[in-house]
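For ligands, and for the atoms within them, numbers begin at 1 and follow the listed sequence. Owing to the predicted nature of the structure, the values given are computational and were not obtained by experimental measurement.
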Amino acid sequence: MTKCPRHIQAKLTCLLLCLNAAAGAHAMPAASCTRPEPGAPVPEPEDLRSHDGVLELELTIRNVPGPNGSTRYCYSAANGAESPTLRLHPGDLLVLKLRNALSVEGRAASHVHAGPLAGADPCISGAMTATSTNLHFHGLTVPPRCHQDEVFRTSVQPGNSPFEYRFRIPQDEPPGLYWYHPHIHGFSSVQVQGGASGALIVEGLERAVHEVAGLPERVLVIRDQSLLNPDAPPSKSEPVVPRMLIDRDGDSANNGTGFGRPAKDLSLNFVPVPYPDYPPATIRMRPGERQLWRVLNASSVTYLNLALLFGRAPQQLGIVALDGVPVNSAGATLPGVQWRDHIGLPPGARAEFIATGPPAGVPALLVTRTVDTGQGGENDPNRALATISAVADAPEPRSALPTATPPLPAPARPWLGSVTPTRVRRLYFSETLSDPNNPNSATAFFITVDGQEPAPFDPASGVPNIVVKQGDVEDWIIENRSTELHDFHIHQLHFLLLDYLGMPVDEPFLRDTVNVPYYNGRTLQYPSVRLRMDFRDPHSVGTFPYHCHLLEHEDGGMMGLVRVEPADGPAVR
Ligand SMILES: [Cu+2]
C-alpha cells in the first residue's frame, strides 16, 4: 500500500498515488517522491554497490506536484531506493538504465504517455522539453559520447524504453565523491531543484589518505528548493530585519547582512530546513567519534559555507578531498588532511572531511554561514542545517571505509602544476538586459571567449567556442564582468586553480567547480581566476560544455562548448 504523506498540500499527489496503487500500478516502483518532515533524522541514501566489477541498475525519474506550485522530481531504483548512492571502484562497469516517467502535469501516472518525440532516437534527438531528461555524471572523466556522458543530443522521452548508460570508471579516476543529475538545456534547474540528483562514489579514498581508513562514512546531499513559507517574515530571533529585494532571477537578492529571506530553502538528504525558523534536521553520533562526511552541494543556486559548531565554537574539519580529488594529489608525501574551521562549497562542488562528534551533553550544530554573492546575487543567509546529538548508543552509519588497502599507484602523467601550458585563453562571464531600454526585461547570461561576440548558448549549433587537441594543457583566465558571483564548471575534466583575484594560490589538488568573484564596480580590473586546464586524458576527446553551475544561469545561456580533437587530428587554433 502506498504510504500517503501527511502534509496537507500533498493531498492531490496522495490521492493520485493511492488511486494508482489501488489500480495495481505494478510497473512502477513504490517510490512516490515523499519527503521527510522538517526536524526529522537525516536518512542515509541507500548504497548500490558494484559486484565483480559491475554495477547494473534501473533508475526511474518521475515528478509529482509539490507545495506552492512547485514540482518534485525523484530518482528511484527498482528496489524503491530514492536517489541511491552508486558505489564503484576504478575500472568497474556502470550499466544504468534510465526510465523516463515524467509528465507535464507532474503526476505519478500508472502509465507513461508517450509524447510526439518518443519515436526519435534518444542518441540524436536533442529534444529539450519539460518532460525530456538525460544524465550527466559530474566530475567523471568518461567520454562525451551517447550512452556515456553526452548531454546535448542525448534526450530520453517518456515512453522510450529504458535508455542505457554504459561505461567504465577510468582506472585512474581519483577516489571520492561525484554525482549524477539531468542536463537538459533550459530544464536543468527545475529538475535538479525538484530533487533530481544523487551521489556516486569512486571507492578507495583511504588508498590516497590513510587517515580515513576504517572511518564510518556518511553521505550528505544538500539540495535547494523553492521556499515552503515564501511570505513569512524573518524569524524574530534574527538581529536585523533587512529590506526584501528581488534579484534578476526573481529570487531574494543578497542584502549583505547575512539574514533575511533566502533565495531557496535547503534540505539535507531531503529533510527540509525551511525559512524562517530553520528547524534543524537531526544527526546522531557517538560522543567524540570521528566520521568521514561526504558532502555534495546539489543546489541549483545556493552557495554553502559549512561549519560545525560546538556551542558557538567552530570546530576543525579535516578536509581530505574536494570535488572528488584527494587534497594530496600533487604528491603522496603531502599531508592528506587539511584542517579548516569552515568549507565553502559552490553549487556542484563536493567536500569530504573528517568530522568529530561533540562530547556528551554539548550542543552541536552543522550550519551554513552567509556567502556574499554580490549586489546582483541571491541571498544566502546564515542558517542551521542539522543538530548533532552525541548519544552513546547512536547507530553507526551503514558504511565504513576499509582498514587496509594498498596505496594508489603513482599517476601516469606529470602533475598539472608542473606542465607548461600550450596557450593562454581569456573568457568572461557577463549579464545584460535583453532590452537595454527596459530595466524590467529579462537578463541575458553569457560566458564569452574574449574576442568573440557574447551570445547565449545555442544547443542546436554544436559549433565549439574553443578547439583544443588531446594532450594540450592550457591556462584559462576567467573574468567576471557582472555584479554577482558565478561558479565555473567544465565537464569531462578537472583543473588546477592557479590564481584567485590575481593572487597566486598553491593548491596541491584539482577542482571541477570554482567561484569567480563578482565585480563591485570600483576596481580597475575585473576580478578573475586563472585555471590550468588538462586536456591530456584520451577520454576527453569530443565536444562538451563549460558553464556556470548556477543552473538558472546555465539554463539562461551561460554556457559554451569546447571540442577536444584527437591527438593525431588537424592543427588547432
Ligand atoms: Cu552564474
Inset, instruction - Determine, for Glu150 against Arg145, whether the closest basic-nitrogen to carboxylate-oxygen distance falls under 4.0 angstrom. - result: no
Inset, instruction - Please check if the distance between the ring centroids of Tyr165 and Phe163 is under 6.0 Å. - result: yes
Inset, instruction - Take the angle between the ring planes of His491 and His136 and call it parallel below 30°, perpendicular above 60°, tilted in between. - result: parallel
Legend entry - Tyr275 six-ring centre to Arg383 NZ/CZ under 6.0 Å and within 45° of normal: no
Legend entry - Pi-cation contact, Tyr428 with Arg481 (under 6.0 Å, within 45°): yes
Legend entry - Pair listing, salt bridge (charged side-chain N to carboxylate O under 4.0 Å, His left out) test, anchored in residues 495-518, at least two apart: Arg350-Asp512, Glu507-Arg511
Inset, instruction - At a cut-off of 2.8 Å, list the protein N/O/S atoms near the Cu ion (ligand 1), residue plus atom name. - result: His486 ND1, Cys548 SG, His553 ND1
